[in-house]
Amino acid sequence: MSEPVPLTTDHPGQVASATPPAPGRSRRLSDRWLAVTFISPAMLLLLAMSVFPLLWALYLSFTDYSATRGGPANFIGFGNYTAILTSAQVHTRALTTLIYVVGAVGLQTVLGFGIAYLISRRTHGRGVLTTLFLVPMMLSPVVVGLFWRFMLDAQFGVVNSMLGSIGLGQVEWLTRQRTALLSLIVVDTWQWTPFIMLIALAGLTAVPKYLYEAASIDRASEWFRFRTITLPLVWPLLLIAVMFRAIEAFRLFDLVYILTNGGPGVSTETLSFHIYKVAFLGFNTGTASAYGILMVLVVIVLTQFYLRYLNKLKEG
Amino acid sequence: MAVSVDEAVSTGPARDHTAPARRPGGRGRSVLEVALLTVLAVVMLFPVLWMIETSIKENRDVYAIPAKLFDFTVTLEHYKDVFVASDGGRSALSVSFLNSVVVAGASTVLATVLGVPAAWAYSRFAVKAKKDQLFFILSTRFMPPVVVVIPIFLMYRQVGLIDNKLGLILIYTAFNVPFTIWMMKGFVDEVPAEYEDAAMLDGYTRLQAFWRYTLPLLVPGIAATAVFALIFSWNEFVFATFLTSSDSVRTAPPAIAGLIGGTTTDWGLVAAASVVFALPVLVFAYLVRKHLIAGVTLGAVRR
């Protein structure tokens, strides 16, 4: 009677002690196999739809290929690149883009942080307020562009109508050189201020309350508390939002296309919009590719800064 | 936003009591702040309200000078025009809405099917140069669409995907996969790997453990991620406008933008179409409001 008991307990034990290395190895093997089969479909799609097209563009950028003329692509070395980098037209667009990026992202940061700060000081209705403020951000650039075009119309636009009712003159928002770029900045600011606000608000609500309590025991002034507690703690997260917006603003195309179509003249043509004109209206595919590759290089550098910073923030 | 609501409840009373006691000017300042917030909220929301108002205005009120804020005649004609063509059949706009549903839906499903397993693998396994791979994946999402569209256009012309819904679905999937992977990796990281280890001790394989134990816990995260992918595809304009041309393939954004092509623009129709187009996005965004920060930063920032 005593025999079967040790047998039954002994048996699985023996099996277990004899086998561990085998399942261990096969598990590691199957883990690697699993990782490869799970990751490679997504990777292959990205390689086919993102990397391959860019490589093709890189090849075209060294040729005089034109998508409409057809015919063989002749290798012309760095011709396209030197042409673009020395072109006064491109310099104008670069300046326009810079003014737009700095103006729009700057305004968004100040306004977004301001709104977030005001909301964070409220005790009631924060959820409702935040939700209402976020609406513009979720709209498609098409809807935003079209609608502001209607509101900024010089004749029947509601903005001029309102200016008129408080006794101010009419402004040709989208048809004057200076105001067109300003309008673009205003519309982009309207749409993306909520983005900065959302992230700033997350930072502000994460500041530990005991820091403020300690500061108020020391009778520190409001400005002192803001400068020494709030800003340093929120700044890292705010910077993430600002960098993200700057990259997005640098690539801007759709809002320009719909709101001003680059005009009047070329006053609101950003780099992206200019590439579109070179590629799809001028049909200089080779030149446009070189132009695009240069822009991609800038984006890659900006993205690397952004990602490194993000990574540092996550680990720190 | 959930964070902010919770904070408001827990710290609210304390502040309410202390602030007025210490600073006599506290109340005046508080009123000023509320006033400022109200003004800002009105400015931010006015364009949206104006759009809704325009969509239900009679045409002669739409073009009234000065603009009519309150006393206008209400009509639903513009909404009818969005869906019904002048000859009584289906309008081109309603077809484009249907195309948008197909394209956004299919690309979201594909991005989810490709992205979720990859996110799980990146979260659980020691993959070579994992950080570099993840950086590379997100970098592809930052490429300027206008630049990518040039070679994509040539590529599609070769294989006959120009003016084809499948072409749009593929490019949208490629743009949503990086987002899905980054967003989902965060959700997978939150599920302890020990659940799978325990299941494997019970005799399940790694795959079964993932399928039976981890995946069910990821469903809310997958739903939120899919909603964002859906919104991105739904709102996308650049690829849609350059890769499609015929009414039967075109999605809603280029179709709506096409309404202003002619000499006169029916702004009432534009407004109505915009409202119909934006409404589902706002509803969906409201549903995923808890994950909004992660969603709009492509899964990079999580709080």
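In the text below, chain A, chain B and the rest are named by the order of the sequence lines, each starting its count at 1.
A donor-acceptor pair under 3.5 Å is formed between the side chain of A:R251 and the backbone N or O of B:M143. Between the side chain of A:D31 and the backbone N or O of B:F125, no donor-acceptor pair lies under 3.5 Å. The backbone N or O of B:A126 lies less than 3.5 Å from no partner atom in the side chain of A:R32, so there is not a single donor-acceptor pair.
B:M155 CE to A:F52 CZ: the interatomic distance, rounded to the nearest 0.5 Å, is 6.0 Å.
Using a 4.5 Å heavy-atom threshold, the side chains of A:M162 and B:F46 count as touching. When side chains are defined from C-beta on, B:F136 counts as touching A:M43, because their heavy atoms get closer than 4.5 Å. B:F277 is listed as a side-chain neighbour of A:S140, based on a closest heavy-atom distance under 4.5 Å. Residues A:F133 and B:L37 meet the side-chain proximity criterion, which asks for heavy atoms closer than 4.5 Å. Between A:L60 and B:P151, every side-chain heavy-atom pair lies at or beyond the 4.5 Å cut-off. When side chains are defined from C-beta on, A:I258 counts as touching B:F237, because their heavy atoms get closer than 4.5 Å. Within the 4.5 Å cutoff, no side-chain heavy atoms of A:S50 are placed close to those of B:V148. Contact annotation: the side chain of B:T140 never approaches that of A:L54 to less than 4.5 Å [non-hydrogen atoms, C-beta and beyond].
In this structure, chain A has no heavy atom under 4.5 Å from any part of B:F232. Neither the backbone nor the side chain of A:F273 comes within less than 4.5 Å of any heavy atom of chain B. Heavy atoms closer than 4.5 Å to chain A are found nowhere in B:W234, neither backbone nor side chain. Both the backbone and the side chain of A:L139 come within contact range of chain B, each with at least one heavy atom under 4.5 Å from a heavy atom of that chain. Contacts of B:R157 with chain A are made by side-chain atoms alone, with heavy-atom separations under 4.5 Å and no backbone atom involved. Of the two parts of B:F153, only the side chain, counted from C-beta on, holds a non-hydrogen atom closer than 4.5 Å to a non-hydrogen atom of chain A. Residue contact with chain A, scored on non-hydrogen atoms closer than 4.5 Å, involves the backbone and the side chain of B:A271 alike. With a 4.5 angstrom heavy-atom cutoff, B:L134 does not touch chain A via any of its atoms. Only the side chain of A:V299 comes within contact range of chain B, judged by heavy atoms closer than 4.5 Å. When heavy atoms are compared at a cutoff of 4.5 Å, B:T54 approaches chain A solely by way of its side chain, counted from C-beta outward. Only the side chain of B:V127 comes within contact range of chain A, with heavy atoms under 4.5 Å apart. Heavy-atom distances place the side chain of B:L282, and not its backbone, under 4.5 Å from chain A. Contacts between B:W267 and chain A at a heavy-atom distance below 4.5 Å involve the side chain alone, from C-beta outward.
For the side chain to side chain contact (heavy atoms under 4.5 Å, CB included) with B:V146, the qualifying choice from A:L271, A:D254, A:L252, A:I275 is A:I275, the only one to do so. The only option from B:S274, B:P47, B:P253 that meets the side chain to side chain contact (heavy atoms under 4.5 Å, CB included) definition with A:V143 turns out to be B:S274.
Using the six-membered ring where Trp is involved, A:Y257 and B:F242 have ring planes that are perpendicular, over 60° apart on the 30 and 60° scheme.
For the 3.5 Å distance criterion, the side chains of A:R122 and B:S30 qualify, holding a donor opposite an acceptor.
In terms of heavy-atom proximity, A:A42 sits nearest to B:I181 at CB-CD1, 4.1 Å. B:I231 and A:M138 make their closest contact through CD1-CE, 4.0 Å (heavy atoms, listed as atom of the first residue, atom of the second, distance). Residue B:Y122 comes nearest to A:I39 through the heavy atom pair OH-CG2, 3.3 Å, listed as atom of the first residue, atom of the second, then distance. The nearest pair of heavy atoms linking A:L118 to B:L36 is CD1-CD2, 3.7 Å. Considering every non-hydrogen atom in both B:V43 and A:W190, the closest pair reads O-NE1, 3.8 Å. Across all non-hydrogen atoms, the minimal contact from B:N235 to A:P141 is O-CD, 4.1 Å.
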- Under the side chain to side chain contact (heavy atoms under 4.5 Å, CB included) rule, what do A:F280 and B:V149 come out as? Steps first, then yes or no, please. CA-CA 10 Å; A:F280 289 95; B:V149 85; 3.8 Å; yes
- A:L307 and B:S139: side chain to side chain contact (heavy atoms under 4.5 Å, CB included), yes or no, with the steps? CA-CA 9 Å; A:L307 290 172; B:S139 301; 3.9 Å; yes
- Task: Applying side chain to side chain contact (heavy atoms under 4.5 Å, CB included), run through A:F38 and B:L207 and close with a yes or a no.
- Result: CA-CA 11 Å; A:F38 272 27; B:L207 191 60; 3.5 Å; yes
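Aromatic ring centres of A:F244 and B:F142: separated by under 6.0 Å.
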